[in-house]
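Everything quoted here is computed from the prediction, not taken from an experiment. In what follows, every chain begins at residue 1, and chains take the letters A, B, ... in the order their sequences are listed.
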Amino acid sequence: MTHEGLILSDLARRFSGEAGIGPLGLDIRPGEIVALTGPSGTGKTTVCRMISGLERPDAGEVVLGGRALSALPVQARGVAHMFESYALYSHLSVAQNVAFPLLAPGKPRLGRDALAARVQELLDVAQIGHLGARKPGALSGGQKQRVALCRCLVQDAAVFLLDEPISHLDAKLRNELRGWIRRRQTALGVPTLWSTPDAMEALSVADRVAVMIDGRIAQFAAPEEVYFRPATTEVARLVGDPAMNLVEGRLEARDGGAPGFRGKGIDLALPGDLAARLSGGPRDVVLGLRPSAMSPGGRDASLKVYAWEPFGKHAIITAMLEDTMLRLKTPRLDRFEANQEIGVTIDPAGLVLFDATTRRAL
Amino acid sequence: MSLDLQGVAKSYGDVAAVHALDLHCPTGQMLGLLGPSGCGKSTTLKMIAGIEEVSAGRILFSGREVQALPPGARNIAMVFEDYALYAHLSVFENIAFPLRVRGTPKPEVAGKVGAILKLLRLDGIAGEKVRKLSGGAQQRVSIGRALVRNPEVIVFDEPLSHLDADQKVELRTEIKRLQQLQGLTSILVTHDQTEAIAMCDVIAVMNAGELQQLGSPQELYDRPANTFVAQFIGEPPMNLLAAELAPDGRLTGPDWRLPPAAARAGLTGGPVTAGLRPEALRLLRDETGGDGLAVLAGRVAFREHRGDTDILLVALDAPGPDGAELHVSADVPGPSPLRQGDRVRLGFDGSRLCLFDPVTGRNLQADAPLATEAAA
Amino acid sequence: MTDITPRLGTVAAPPGAGSYHRESRWYPYALIAPTMLTLTVVALVPFLYMGWISLHEARYGQVGAFAGLENYRKLLGDPRFWNSMSVAGLFVAIAVPVEFMLGLIGALVLSQKIRFRSVLIPFLFIPSMMAPIIVGLVWKTMLAGSWGFFSYNILERFGILQGSSVFASPDLALYGLIFVDIWEWTPFMVLTFFAGMQALPANPFWAAQVDGANPVQIFFRLTLPMLAPLLVVIGLIRTIDAFKVYDTIYILTNGGPGITTESPSVLGYKYTFDFWEIGTASALAVVIWLLFFVFCNIFYQIAKRRLNVF
């Protein structure tokens, strides 16, 4: 694991009285975007702060371009850090805020016009070009977030840390900025760490995704891998739109002898390739069922509708399988009433099984 | 209780925040106020709640004028973006607050709050201080505080925007179910179209203080009133392509054409903007095309992984009218083997196409059928 | 750093030892060292020296033989000491609660959208900006017998006082001092509480309005509890400050008439520079320090448990 990008090795941070962070390892190649995702409070922001030097790790090292960073003060690390809390300078205008990092001592001086042009270009992309003269106090949350994003991206940095860069924007803008940031960062050829609590945003924007649970990296892999083969139930619970359903049950031999899954209100044959990988006797397992793997109509399981939400191109049905709440995603747009009984068909292709004790994928 | 806004406007000095707004929300339904930041939705909400005064117009609760009443006299409850809980009080006391300030007798408070705690599955944590709870639990407490005194209208101001994705989905379902089961007339203010579409019966899309469209989620999705609504609803947004409409209904783009169709007959010919949902574009594996199918050719500029679907941003071979590169997004089944730079051909038929006036952006077919009607 | 070198293979040495030690473990301590040193020399050393003196015979600037607790025995046997404690106790017990209430009321008034607020606020700074000696002189004049503006127009007209200064009356002098203290510190309390109220989040107040709470309920159920941390801190500071009151008393009454307004600070001064009992004065200082120490601790514990502050 040696390259010119950013490497975190065995990084750890302890807090008195609560569980700490790490040790965790992560690497981002030049020009690569790695997304760090996980529930809030899991330590994503602390990881960013340890990279930029605002927080000191208790163990481990941050290496950037082959150079250990822990010796360097914050200013000398060449890290552009966008803060989740925006951290805008309230006494400066939007344009001055964005220009600020370029005026820091030791940075090459830009001409007045060049500086203004560079700032304006970014503001225009973020669709706040007309707000350059305003003070942050007069902006909405989404506008402030874009100013913070511009102030980060304007820099000539060796690594970019984007801590929840687009979470407060509307869907259209989020969609546009996601693509734009991605193309820009890839072209710059520097490592970018994109932290977000939204796992789907992580999947769509990153080359690789690190899922962080309780201060540790539970899975670090390509988006497809994280989506189709989540490493633990915790990862499965986070990923997907909506996330994967988890059903507790037992792995038992069925009539034909092949292993099947039996849980409350459900009895399923397992597809050949999955069955072949599972050896040994009966055991407790957790079944991972993707919402799109179930469709209304059929007799694989019987559910009671809890709520129905239509989304224009598909609908999400929340329903109870005995006492487990499941979500189905269906292209059917007809209405389902609360407490209505429905039968479902389960597509065995996308099933995932986890060990009931270790919660790891089998 | 039904809610009506008649010509409601708000201005700060000479700046108009909300232009004459007419809205109607039937009894027991949820009305969404949806729009980008600064569109006037929060101001509208505050006027309904009575926190802001109206500059003009009338607000009616079941036909009764309330715009002159103070917030406490309107029998309305609010759920705030940041929960707005009383941090020094316990879960129980937060929910009991509206009853306590009314001098409700103690046994009655205990009974009512107990029922709410059970309904929202908060009974295990009734004694906890609210600031120690997760965001989702805090927002449930705030909903409990709103429900406990049987308000006539309950107003949700961006209730999910500070929650984690999983809590968001869970609470979204929870709110919708409560609202339906209890028949609550409610208003949801949000910038997130997913939330509005999932939860609301009627949605008012606003932009720059003006109402763009009032309709059911399916109407907004299938029959957007203008290009603003078309691009604001749906993720990724609707693709807009310049085209030429012939009087017989034939539609022609730079390198694609669609034959005449009944839905387009009767419209005046001329330049139009064609709106195409990303999921209406299909990846064509070979050189097929043929009858009734228009083909867009280009290169993958960017692929977003969304789990069971992939979103492809495709740079089209045919440039736009000003010579600039044109992009369309396509929502295709995932995981697709395509990578950046790969050549693709995307096909679409005319069945789910919207046509807009290229100058005003207005939808030219205000009476096109909805997807649900077409299916039936 | 060494433990990861083998696995990474090519971790370059940090550029220049200079930048390395700048970020070492001791760097923060080096930064605060000058301040700590200064504080030690100017605060801790004199304090310890005072404690040492209090255990010795010390008169007329000469520190004599070790005296054990003799100075403390003398102090606690002196009725003037107990008198000073009750003077300070009464002073605190009246002045601080009154300043608190007036401060809260003033802050509530300022929080309304009243006119000329921006003009009014600078005026509120005036009393706390004036040197206490000047405050004393102003009020000495205002309350001086039949020619003082205040005592003539108010006290004499209503027959409360005849012909002499408030500060010459054994019954009224202490209340006069309390009045001046209230005048001096209430505006400060108003400003502090006003700033605290401005910093409270707006949404809970809207929520309470929508929930149907009236302004009185909102004040007692929301404003006060949410301000609690600030109230506790300000209350503590003001209590200690009022207990130590010295300069206004010195200029207005110098502890008189008799010893009716002799606060511990005034008594300490007299022990030292009038009677030259330096040992007893040091013992007094130590006793007061102990008193504050215990008081602050009890206060802190109560605040922590009852109010969920800190």
Side-chain angles (χ1 to χ4, degrees), chain A residues 37 39-41 139-143 167-176 178-179 182-183 186 196-201 203-206 222-224 227-228 237-243 290-293 306-314 316 318 325 327 329 332-335 338 350, chain B residues 34-38 42 134-135 161-170 172-174 176-177 180-181 191-194 197-199 217-218 220-222 231-237 277-279 301-311 313 327 329 331 334-335 340 370-372 375-376:
Chain A
T37 187
S40 54
L139 303 181
S140 74
Q143 289 167 338
S167 53
H168 289 114
L169 309 180
D170 59 61
K172 177 166 185 271
L173 196 55
R174 219 162 42 212
N175 202 66
E176 287 169 15
R178 209 156 55 203
R182 200 191 138 79
R183 286 195 297 279
T186 312
T196 171
D198 179 352
M200 292 316 285
E201 182 181 307
L203 293 194
S204 61
V205 80
E224 294 87 346
Y227 184 84
F228 288 102
R237 203 191 294 276
L238 285 178
V239 176
D241 178 29
R290 225 170 287 288
S292 49
Y306 185 79
W308 171 75
E309 299 164 297
F311 280 94
K313 57 182 165 183
H314 61 256
I316 290 177
T318 307
M325 191 180 271
R327 287 196 163 79
K329 190 173 181 179
R332 279 171 58 176
L333 294 175
D334 42 334
R335 191 179 179 93
Chain B
L34 174 66
S37 45
S42 297
S134 73
S161 63
H162 286 293
L163 302 180
D164 281 354
D166 53 335
Q167 291 185 336
K168 217 176 237 185
V169 175
E170 190 185 316
R172 190 175 76 196
T173 314
E174 207 65 49
K176 184 64 197 162
R177 180 178 157 88
Q180 278 179 343
L181 287 179
H191 67 276
D192 183 343
Q193 52 97 25
T194 314
I197 286 190
M199 295 165 75
Q218 203 66 48
L220 300 185
Y221 196 81
D222 292 343
Q231 292 220 299
F232 201 78
I233 302 280
E235 188 177 12
R277 291 276 170 212
E279 66 271 19
F302 176 46
R303 186 193 64 134
E304 282 191 4
H305 186 87
R306 306 284 300 171
D308 47 10
T309 64
D310 276 358
I311 292 171
L313 188 69
H327 290 91
S329 25
D331 194 343
Q340 208 160 316
L370 305 179
T372 40

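Listed here is the closest heavy atom pair of A:Tyr306 and B:Glu174: OH-OE2, 2.9 Å. Taking every heavy atom of both residues into account, A:Gly179 and B:Phe302 meet most closely at CA-CE2, 3.3 Å. Pairing each heavy atom of B:Gln218 with each of A:Gly312, the nearest pair is NE2-O, 3.2 Å. Closest approach of B:Val169 and A:Pro242 over heavy atoms only: CG1-CB, 4.3 Å.
Both the backbone and the side chain of B:Thr194 come within contact range of chain A, judged by heavy atoms closer than 4.5 Å. There is no contact between B:His327 and chain A, counting heavy-atom distances below 4.5 Å. The contact between B:Glu279 and chain A is made entirely by side chain atoms (from C-beta outward), counting heavy-atom distances below 4.5 Å. When heavy atoms are compared at a cutoff of 4.5 Å, B:Asp310 does not approach chain A at all. Using a 4.5 Å cut-off between heavy atoms, B:Gln180 touches chain A through its side chain atoms alone. Heavy atoms of B:Gln231 lying under 4.5 Å from chain A belong to its backbone as well as its side chain. Looking at B:Pro217, neither its backbone nor its side chain comes within 4.5 Å of chain A, counting heavy atoms on both sides.
Side-chain contact check for A:Asp170 versus B:Gln193: every heavy-atom pair is 4.5 Å or farther apart. With a 4.5 Å cut-off on side-chain heavy atoms, B:Glu304 and A:Val205 do not count as touching. Between A:Pro310 and B:Ile197, every side-chain heavy-atom pair lies at or beyond the 4.5 Å cut-off. Taking the side chain as every heavy atom from C-beta outward, B:Glu235 and A:Arg174 approach each other to under 4.5 Å.
The ring pair (Phe, Tyr, Trp, His ring centres under 6.0 Å) check on A:Phe311 picks up A:His314, with sequence neighbours excluded. Residues satisfying the side chain to side chain donor-acceptor pair (under 3.5 Å) criterion with A:Glu309, sequence neighbours excluded, are B:Arg172.
Distance check, rounded to the nearest 0.5 Å: OH of B:Tyr221 to NZ of A:Lys313 gives 4.5 Å.
In summary, the side chains of B:Thr173 and A:Arg327 do present a donor paired with an acceptor at a separation below 3.5 Å, with no hydrogens or angles considered.
The residues B:Arg303 and A:Glu224 are annotated as salt-bridged, a charged nitrogen and a carboxylate oxygen being separated by less than 4.0 angstrom.
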